[in-house]
K.L.:
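The structure that follows is given in the form of structure tokens.
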Amino acid sequence: MAVRLAETEAYLGPEDRAAHTWGGRRTPRVRSMWGRPGVAYVYLIYGLHHCLNLVTLAEGRGEAVLLRGGPVVAGHGIARVRRGDGVSAAALADGPGKLCQAAGITREHDGLDTCASDAALYVADDGVVPLEVETTARVGIESAGAAAGWPLRFVVSW
DNA sequence: TGCAAGATTTTC
DNA sequence: AAAATCTTGCAG
């Protein structure tokens with residue numbers, strides 16, 4: 001099962017009030033977010049949806065990118081089994097929670113090194129060249145003060 | 001030890 | 001527009 005990442009959001013660590021590592025928090029949940037780049041950070045939101053992030057900068061920076069979604073380019077079958085019948089191809093993974101459900105991602109994947117040769121989860125370049133990259137404010141973080149307006153959401157089209 | 005709120009999705 | 005649902009983080 002594969003998704004072409006078309007929508008992401010950046011979370012900048014201690015300086016970013018919307019980030020789970022805001023203020024330098026080092027709690028059990030965000031353990032993996034302080035880890036090495038390439039490590040997956042998966043958490044449960046609202047008690048029923050998973051969100052997948054990948055650590056970006058160096059270990060100890062607490063910075064990661066939230067993978068919000070994109071079109072499923074392989075494995076539509078299994079994705080639809082997980083998401084349920086009657087779900088349109090476009091809606092299979094067009095949201096943080098949907099992406100994780102379609103890909104079968106849970107907290108079991110938290111802390112996984114996506115750079116490992118035997119990783120169950122990894123990122124690859126499929127060669128498609130982005131036509132345009134749109135930058136907007138992040139979604140769902142109304143209460144993050146000034147950080148809520150930061151242009152850290154990126155949407156790619158091709 | 002208890003309670004309020006959350007990087008969402010789905011349905012009425 | 002509102003509920004579903006549970007873990008984390010902060011107050012006491």
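Throughout, a chain's letter reflects where its sequence line sits, starting with A, and its residues are numbered from 1.
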K.L.:
Kindly indicate whether the side chain of A:Tyr11, heavy atoms from C-beta on, has any atom under 4.5 Å from the side chain of A:His20.
P.N.:
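No - every pair of side-chain heavy atoms lies 4.5 Å or more apart.
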
K.L.:
Map every base of DNA chain C to its dot-bracket character, where paired means a Watson-Crick or G-U wobble contact with both distances under 3.5 Å and | marks a partner outside the strand.
P.N.:
||||.||||||.

K.L.:
What residues form a side chain to side chain donor-acceptor pair (under 3.5 Å) with A:Arg17, not counting sequence neighbours?
P.N.:
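With sequence neighbours excluded, A:Arg17 shows a side chain to side chain donor-acceptor pair (under 3.5 Å) to no residue whatsoever.
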
K.L.:
For residues 47-69 of chain A, which residues have at least one heavy atom under 4.0 Å from DNA chain C?
P.N.:
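Hits under 4.0 Å, by residue number: A:Gly47, A:Leu48.
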
K.L.:
Let's see if you get this right: which residues in residues 10-35 of chain A place a heavy atom under 4.0 Å from DNA chain C?
P.N.:
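Heavy-atom cutoff 4.0 Å gives A:Arg25, A:Thr27, A:Arg29.
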
K.L.:
Mind listing the residues from residues 70-93 of chain A sitting with a heavy atom below 4.0 Å of DNA chain B? Number order is fine.
P.N.:
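Within residues 70-93 of chain A, the residues near DNA chain B are A:Arg83.
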
K.L.:
Check whether any side-chain heavy atom of A:Leu67 lies under 4.5 Å from a side-chain heavy atom of A:Leu99, and answer yes or no.
P.N.:
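Answer yes - side chains close enough.
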
K.L.:
Distance-only check: which donor-acceptor pairs under 3.5 Å involve side-chain atoms of residues 139-158 of chain A, not counting sequence neighbours?
P.N.:
| unit_1 | atom_1 | unit_2 | atom_2 | d |
| --- | --- | --- | --- | --- |
| A:Trp150 | NE1 | A:Ala146 | O | 3.4 |
| A:Arg153 | NE | A:Glu7 | OE2 | 2.9 |
| A:Arg153 | NH1 | A:Thr136 | OG1 | 3.0 |
| A:Arg153 | NH2 | A:Glu7 | OE2 | 2.9 |

K.L.:
Going by the rule side chain to side chain donor-acceptor pair (under 3.5 Å), which residues pair with A:Arg138 if we only count those two or more places apart in sequence or in a different chain?
P.N.:
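For A:Arg138, the residues satisfying side chain to side chain donor-acceptor pair (under 3.5 Å) (neighbours in sequence not counted) are A:Asp16.
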
K.L.:
Test of understanding: with side chain to side chain donor-acceptor pair (under 3.5 Å), list the residues that count as partners of A:Asp85, not counting sequence neighbours.
P.N.:
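So A:Asp85 forms no side chain to side chain donor-acceptor pair (under 3.5 Å) with any residue.
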
K.L.:
What are the bounds, 5' to 3', of the part of DNA chain C that sits under 4.0 Å from heavy atoms of chain A?
P.N.:
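From 5' to 3', the first and last contacting nucleotides are C:dA4 to C:dC10.
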
K.L.:
Are a donor atom and an acceptor atom from the side chains of A:Arg83 and A:Gln101 found within less than 3.5 Å of each other?
P.N.:
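There is such a pair between these side chains.
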
K.L.:
What pairs with A:Ala103 under side chain to side chain contact (heavy atoms under 4.5 Å, CB included), at least two apart in sequence or on another chain?
P.N.:
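Checked A:Ala103 against side chain to side chain contact (heavy atoms under 4.5 Å, CB included); matches are A:Met1, A:Ile105.
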
K.L.:
Kindly give the cluster partners of A:Val55, where membership spreads through any ILVMFWY side chain lying under 4.5 Å from a current member.
P.N.:
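Direct or chained contacts put A:Val55 with A:Val39.
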
K.L.:
Contact boundaries of DNA chain B with chain A (under 4.0 Å, heavy atoms), 5' to 3'?
P.N.:
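Both ends considered, the range comes out as B:dG6 to B:dT10.
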
